[in-house]
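Structure, as structure tokens:
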Amino acid sequence: MKKILVLHTGGTIAMHADATGDVQPDEINPLNAVQIELPEVELQVENIFNIPSEHIGPIHMLQIQQRILAAGHDFDGVVVTHGTDTLEETSFFLDSTLDVDFPIVMTGAMRSSNELGADGLYNYQSAIRVAIDDQSVNRGVMVVMNDEIHAARFVTKTHTTNVATFASPISGVMGIITKRRIIYLYELPAHTIYPISMVNKDIPVIKAYAGMDGKLLELLAATNVDGIIIEALGAGNLGEDAARGVGYLLSRNIPVVIVSRSFKGIAEPVYDYLGGGVQLERAGAIFASSVNGQKARLKLLIGLENNLSPQELNKYLQEF
Ligand SMILES: NC(=O)C[C@H](N)C(=O)O
């Protein structure tokens, strides 16, 4: 018999649609009213929050992380239910800050509990199946939705409403769930995990665009931000004016992290002209290899909260 800690945090999986079809939170999580038909598992269920995931921020992520840490090895695994809009961020935060071997599996739903074709209960059961599977140890935090297992490190929400919304554009799906089996397709590369006990840093994410004005970046410098993530163009390039804005931020010792606004691929310095990645890096910008903007923001936050030196930050953000 395996013991699983379930932490419900809210999201569509815990909501219902009213007579007009509008979706809203329920007082009582509908998942608590159902019996999961898995004989070999004992669940300890806690409703840690009941909020939409747009209301989740790093402070909530830290609370979830601390609850899991406090649980220690009292459990064989943890399942976290969560809204899908920021699920990738909470899963990434937990994956980057929890050094544990037991499985931590996150799931959610795209359709609320009483909608036709509701996927919440099914995903919940799949997440528990993954959490109790012996093959799931030492795999970091996983996201289970729609019969697929994704690594928190690579997963992202790709569709506004489709139940097949989660995908891992760089790595592909890490595992699949069939009626009878859990099948893993690859092992993850090792990565650095930093502990965290504070989440006070202010790090906005800015998306680059054709004709971007560097003034926006200069204005941000005046607001005492702790760092800035730029979703740059292509492999990590900016227009001339935006590049001057980056220079201004760096001259004020504000870390600038470059990711790509492209959906697939890795940001790395390729072009040597004003605004090109080579010159941005030479000026001191950091290239984050495998993460999108929202995850780079959490990675920089974790690095800064751990007082990493500029060299250490660079190494950490470039780690795959
Ligand atoms: N499907 C969902 O869970 C979306 C919802 N707005 C949330 O993230 O809380």
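Each ligand, and each atom within it, is numbered from 1 in the order the structure gives. Here the structure is a predicted model, which means the values were calculated and not measured.
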Check: Are Arg252 and Tyr248 close enough that a side-chain donor and a side-chain acceptor fall under 3.5 Å?
Finding: yes
Notebook entry, point to check: Looking at Ser91 and Val155, what are the two nearest heavy atoms and their distance?
Noted result: OG-CG1, 4.3 Å
Item checked: Atoms of ligand 1, numbered as shown, that sit under 4.0 Å from any heavy atom of Ala109 -> 1 (N), 2 (C), 3 (O)
Item checked: Test side chain to side chain contact (heavy atoms under 4.5 Å, CB included) applied to His8 and Ile13, Val45, Ile48, the passing residue -> Val45
Notebook entry, point to check: Would you say the side chains of Glu312 and Ser309 form a donor-acceptor pair under 3.5 Å?
Noted result: yes
Next item on the list: Check Glu54 against ligand 1 and report side chain, backbone, both or neither, counting heavy atoms closer than 4.0 Å.
Entry: side chain
Check: Short list, please: which atoms of ligand 1 are under 4.0 Å from a heavy atom of Gly11?
Finding: 9 (O)
Checklist line | Between Asp147 and Tyr122, a side-chain donor and acceptor under 3.5 Å | finding: yes
Check: Looking at atom 7 (C) of ligand 1, what's its closest protein heavy atom, distance included?
Finding: Ser53 OG, 3.4 Å
Check: ligand 1 and Thr86, any nitrogen or oxygen pair closer than 3.5 angstrom?
Finding: no
Item checked: Taking every non-hydrogen atom, the tightest pair across Ala17 and Ser112 -> N-OG, 3.3 Å
Item checked: Option passing side chain to side chain contact (heavy atoms under 4.5 Å, CB included) with Pro30 (candidates Asn32, Asp26, Ile28) -> Asp26
Notebook entry, point to check: Are any of the heavy atoms in Gly108 under 4.0 Å away from ligand 1?
Noted result: no
Next item on the list: Could you tell me whether some N/O pair between Lys157 and ligand 1 is separated by less than 3.5 angstrom?
Entry: no
Next item on the list: Starting from atom 2 (C) of ligand 1, locate the nearest protein heavy atom and write down its residue, its atom name and how far away it is, to 0.1 Å.
Entry: Thr12 OG1, 2.8 Å
Next item on the list: Taking all heavy atoms of Ala109 and all of Asn123, pick out the closest pair and write down the distance.
Entry: CA-ND2, 4.2 Å
Item checked: Ligand-side contact atoms (ligand 1) for residue partner Pro52, heavy atom cut-off under 4.0 Å -> 9 (O)
Check: Do any nitrogen or oxygen atoms of Met15 come within less than 3.5 Å of a nitrogen or oxygen of ligand 1?
Finding: no
Notebook entry, point to check: Would one find an N or O of His82, backbone or side chain, under 3.5 Å from an N or O of ligand 1?
Noted result: no
